[in-house]
Novice: 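So that we are looking at the same thing, I have put the structure below in structure tokens.
Numbers restart at 1 for each chain; the letters A, B, ... are given by sequence-line order, proteins then strands.
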Amino acid sequence: MAKEVEDEDYIDIDDTGPEGLKGADGGYAWEEEYKRSWDVIQEDESGSLQSAVQGIQEQLKRKRRLRDTTAIQRGIIRHVILVIDGSENMGTRDMRPTRIAATLQILESFVNEYFDQNPISQLAIISTKDGLAEKLTDLSGNPLDHVNALRDKSNKDLAGEPSLQNALELAMHTLRRAPTHGSREIVCIFGSLTTCDPGDIKQTQAALKHAEVRVSMVQLAAEVQVFKRICQETNGLFAVADDEIHLKDMLFECIPPPPVVSAKATSDMIQMGFPIRASNAQVPTPCVCHHELSFSGYICPRCRSKVCSLPTDCDVCGLPLVSAPHLARSYHHLFPEENYREIDVEVHSGAEHSGAGLVCFGCEGEVKGAAARYQCPRCRKEFCLECDVFIHETLHNCPGCV
Amino acid sequence: MSEAAEPEASLLVVVLDTNTAAWERCPLQFDRALQQVVIFLNAYLALKPENKLAVIATNKSECRYLYPTEFTDETTIPEMQVYEQFRDVDTKVLTGVQKMIESGSMSSDTPAGIEQGQSQVSRALSKALCYINRGTKASVNKIWPRILVVSVADDAPREYIALMNTIFAAQKLGVLIDVCKVVGSDSVFLQQAAEITGGNYLKVDTQENRGSLLQSLMFTCLADHFTRSMLYSPHNDLIDFRATCFCHKRVVDIGYVCSVCLSIFCKMAPVCSTCKTKFSFKLVRAPSAANGTSAGKKKPPVN
């Protein structure tokens, strides 16, 4: 990059001191940026850093909690393919202990969280190394299978270069069988800056766009134009992860169901079975899913075979088996809680609660004078930050409105 | 659990249903029941000095914290014979309930959709979870949270979604929900709450033995997380997770679910009655679909 241009820019903006290039402390202007990151943290009266750190944490929380609450149709029934880069580039140690180890660990929690929030959705995992793509798990709704596949040690055997095109083609092939009422998504985690493809990846991009598959990618190294373009064209997200925590945040953005934009998406009535739990039998019987003997299980209402956990598809007759609470678990995506408004403390304290702390409606904790408070636009009850985050991220219920 | 030598403290939130209309139907008088609940609270606090307690009362029109509150009653003289914390809890709970009943009988503003014998259980549980969320985060040591619902009111169908949300939030936080149903029919919602979170559901037979509420509370709800792993808890085999269809309120074992709003129907329909979505013509079914053959099963009707 042209360094001179950068310097000139700086002079233009910060041309205040007598020497132009020198900042207030006598250092060069471009050095100041390094100081600022810790200048923000100021000790309070007692000499502790706690309040400053708390302030930064609050900012982070607030950033996360603002959600889109407009009523849009969301694809509750999803089909997501995870693509993991297994190339040598994933062995880099910029994430601890290595990129691949950090990724696999985060993906484990991703899988659990995904099925927690999307209980009637499906997932598959593909790994790409040595220019090939390989399916680790097929589309299924059982989180245990996927977690076990991720824990497989052979995932850490890295080799050669990845092939994005092969991986996308394999993912598309897998998604072809998915019914039209469900969303189709691919989430890639790439540590490599190159891809070793057999053909023109632009054609794959066009095919993905045609099939209305949403491709999202989290890059661990840097932004690559061809990857970014594919994500943009297919309405997906593209992000470059700074560190492990950022990688987790970026991946977890793919967990809430995306809005339906596809013109091809159809609405269907899906036949589903609501099995009864088999009561304590005298003799253990094998289940059809793992062929293991057990006393309890769920009986498929159509073919009377026994499966050991819900939600799943019956292995004998293929009927999707769920329980009523699984469906209920998805309702909060359909009726999201409204974001609370932040109340300006100065304006507010002048009106009625002069100076005194306010009691949070949720946890009955006192909101200290200076701390921000949040108001539900519907019931006008006020909450502390802790409750606000909890209500919108976990509970999905306003205690004042229900 | 390697910390067997020193099990950590518990955080118990009691949701007390004070719906007077429902208590009137109960053979156990409310004041006697309340005494028994208070004895249970004292027993819980006596179990371990670090144990934390909160009490939330609910009825058809409101929901408030009884303990801990800032309010202190100066008129009562400290008794030498009574442990300070017991006295504090006892007076706050008893006067709180009294106030609630007084204000409840004066005001008649019931939120729309709630009937006489129903209470705002989902609101109380939401508050309880907010309290637990803050309590567990603020505490330095590990603290095991759980909720006890002493319920008398009937299920309010409009609370279903809210209650389900609270149940899943509780499951995520690792909160056990114990339910003690004192009067009336079994509460289907609360049964599911106990089942999903791993707590106990108890239907107390107050008809025959009037002291049985305290007995049941002591035997099933007093034990902490750690002790429970060594106890046989009352087991409920009959919990039914089958769904009820939205169209006829019938329990279905094979249903049809709208892919947009997840409403459940017992029959095929061209349009979803909840979200007004028109369905594509073909019924989606599994590849090797075969109609149910056993007797009493509803065959998919052709419209």
Novice: Output yes when A:E212 and A:R184 qualify as a salt bridge under the 4.0 Å nitrogen-oxygen rule, no when they do not.
Specialist: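 Result for this pair is no, no salt bridge flagged.
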
Novice: Counting only non-hydrogen atoms closer than 4.5 Å, does A:L327 touch chain B with its backbone (N, CA, C, O), its side chain (CB onward), both, or neither?
Specialist: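 Both backbone and side chain of A:L327 come within 4.5 Å of chain B.
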
Novice: Report which part of B:I264 has an atom under 4.5 Å of a heavy atom belonging to chain A: side chain, backbone, both, or neither.
Specialist: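 When you check distances to chain A, only side chain atoms of B:I264 fall under 4.5 Å.
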
Novice: So which part of B:N133 gets closer than 4.5 Å to some heavy atom of chain A, the side chain, the backbone, both or neither?
Specialist: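 It is the side chain, since no backbone atom gets that close.
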
Novice: Are a donor atom and an acceptor atom from the side chains of B:D17 and B:T58 found within less than 3.5 Å of each other?
Specialist: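 Per modelled atom types, B:D17 and B:T58 side chains form no pair under 3.5 Å.
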
Novice: Using heavy-atom distances under 4.5 Å, tell me whether B:I56 contacts chain A through its side chain, its backbone, both, or neither.
Specialist: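 Interface part for B:I56: neither.
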
Novice: Let me know if A:F361 has heavy atoms under 4.5 Å from chain B in its side chain, its backbone, both or neither.
Specialist: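 The answer is both parts of A:F361.
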
Novice: Quick one: of A:L395, A:V322, A:L321, who has the most non-hydrogen atom pairs under 4.5 Å with chain B?
Specialist: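 Winner by heavy-atom pair count: A:L395.
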
Novice: For chain A, which candidate among B:A170, B:A169, B:G255 shows the most heavy-atom pairs at distances under 4.5 Å?
Specialist: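 Winner by heavy-atom pair count: B:G255.
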
Novice: Look at A:D116 together with A:R329 and state whether they make a salt bridge at an N to O cut-off of under 4.0 Å.
Specialist: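 A salt bridge links A:D116 with A:R329.
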
Novice: Give the ring-plane orientation class for B:F189 versus B:Y160, where under 30° counts as parallel, over 60° as perpendicular and anything between as tilted.
Specialist: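 Answer is tilted, since the angle falls between 30° and 60°.
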
Novice: Let's test your reading of the structure: which of A:G273, A:A328, A:P325, A:S323 forms the most heavy-atom pairs below 4.5 Å with chain B?
Specialist: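 Most heavy-atom pairs within the cutoff with chain B belong to A:P325.
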
Novice: Under a 4.5 Å heavy-atom cut-off, does chain A meet the side chain of B:K172, its backbone, both or neither?
Specialist: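 The side chain, not the backbone.
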
Novice: Check ring-ring contact (aromatic ring centres under 6.0 Å, His included) between B:Y67 and all other residues, then give those that pass, not counting sequence neighbours.
Specialist: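 B:Y67 satisfies ring-ring contact (aromatic ring centres under 6.0 Å, His included) with no other residue.
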
Novice: Can you say whether B:L173 sits under 4.5 Å from chain A via the side chain, the backbone, both, or neither, judging by heavy atoms?
Specialist: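 For B:L173, side-chain heavy atoms alone lie under 4.5 Å from chain A.
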
Novice: Would you mind checking which part of A:I120 comes under 4.5 Å of any heavy atom in chain B, side chain (CB onward), backbone (N, CA, C, O), both or neither?
Specialist: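 For A:I120, the contact with chain B is made by the side chain alone.
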
Novice: For A:H326, enumerate each residue passing the ring-ring contact (aromatic ring centres under 6.0 Å, His included) test, keeping only those at least two apart in sequence or located in another chain.
Specialist: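 ring-ring contact (aromatic ring centres under 6.0 Å, His included) list for A:H326, sorted by chain: empty.
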
Novice: If we define contacts as heavy-atom pairs under 4.5 Å, which of A:C360, A:G365, A:C384 has the most with chain B?
Specialist: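 Heavy-atom pair counts peak at A:G365.
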
Novice: Can you say whether the rings of A:F383 and A:Y340 are parallel (under 30°), tilted (30 to 60°) or perpendicular (over 60°)?
Specialist: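 Rings of A:F383 and A:Y340: parallel, under 30°.
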
Novice: I'd like to know if the side chain of B:K52 pairs up with that of B:S10 as donor and acceptor (distance under 3.5 Å, no hydrogens or angles considered).
Specialist: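 Per modelled atom types, B:K52 and B:S10 side chains form no pair under 3.5 Å.
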
